[in-house]
Amino acid sequence: EVQPVESGGGSVQAGGSLRLSCAASGSSGSRLCMAWFRQAPGKEREVVARVDTGTLFAEYSDSVKGRFTIAQDVKNDTIFLQMDALKSEDTAIYYCAAVRTRVSYCSYTEGGYMYWGQGTQVTVSS
């Protein structure tokens with residue numbers, strides 16, 4: 001079973017940067033779709049970015065495009081979310097999700113992922 005473990009959340013002022021990490025233990029080098037979702041208070045969980053660990057193809061939501069970047073440490077089955085130019089509306093709990101895949105498509109919905117991390121809080125103050 002794959003177990004995503006997030007780290008790297010925290011508090012930062014608007015305009016600042018944070019980097020989140022997600023280590024997918026138990027993946028045994030399997031090709032995965034991995035994604036970052038976030039949930040702000042009173043709002044639904046939404047996808048932020050997703051990546052196919054086989055092709056390294058990443059996609060981003062419009063709200064973070066140009067500010068957030070996914071990087072990958074293939075050897076250690078870890079992905080990173082570099083978040084720059086943070087805004088107060090980026091404040092949320094960020095969740096890492098994963099699912100094994102054999103096709104070149106990673107879902108943008110929660111239902112497309114089988115394994116979830118516990119979440120890490122990101123707070124951006126204005």
Revision key, fill the gap. Applying side chain to side chain contact (heavy atoms under 4.5 Å, CB included) to Glu46 and not counting sequence neighbours gives Arg38
Review point. Do any pairs count as a disulfide (SG to SG under 2.5 Å) and have a residue in residues 31-102, sequence neighbours left out, and if so which ones?
Key: Cys22-Cys96, Cys33-Cys106
Review point. Ring pair (Phe, Tyr, Trp, His ring centres under 6.0 Å) with Tyr94: which residues, sequence neighbours excluded?
Key: none
Exercise for review: Using salt bridge (charged side-chain N to carboxylate O under 4.0 Å, His left out) as the criterion, list what pairs up with Asp77, not counting sequence neighbours.
Suggested key: none
Check your understanding: Got a sec, which pairs hit disulfide (SG to SG under 2.5 Å) with one end in residues 52-83, sequence neighbours left out?
Key -> none
Per-pair distances, 0.1 Å, donor-acceptor, side chain in residues 110-118, under 3.5 Å, sequence neighbours excluded:
from	atom 1	to	atom 2	distance (Å)
Tyr113	OH	Ser107	O	2.5
Trp116	NE1	Tyr113	O	3.4

Exercise for review: State which residues pass salt bridge (charged side-chain N to carboxylate O under 4.0 Å, His left out) with Lys65; sequence neighbours excluded, sorted by chain then number.
Suggested key: Asp62
Practice item. Please round to the nearest 0.5 Å and tell me the distance separating atom CD of Gln82 and atom CD1 of Ile70. Key: 12.0 Å
Review point. Please, which pairs that meet ring pair (Phe, Tyr, Trp, His ring centres under 6.0 Å) have at least one residue in residues 8-33, sequence neighbours excluded?
Key: none
Point to revise | For Ser88, all residues meeting side chain to side chain donor-acceptor pair (under 3.5 Å), sequence neighbours excluded | key: none
Review point. In chain order, what residues pass the salt bridge (charged side-chain N to carboxylate O under 4.0 Å, His left out) check against Arg67, with sequence neighbours excluded?
Key: Asp90
**Study point:** Listed partners of Ser61 passing side chain to side chain donor-acceptor pair (under 3.5 Å), at least two apart
**Key:** Ser63
Review point. What residues, two or more places apart in sequence or in another chain, satisfy side chain to side chain contact (heavy atoms under 4.5 Å, CB included) together with Phe80?
Key: Arg19, Ser21, Ala71, Asp73, Thr78
Review point. Will you find, in the side chains of Thr101 and Arg31, an N or O donor that is under 3.5 Å from an N or O acceptor?
Key: no
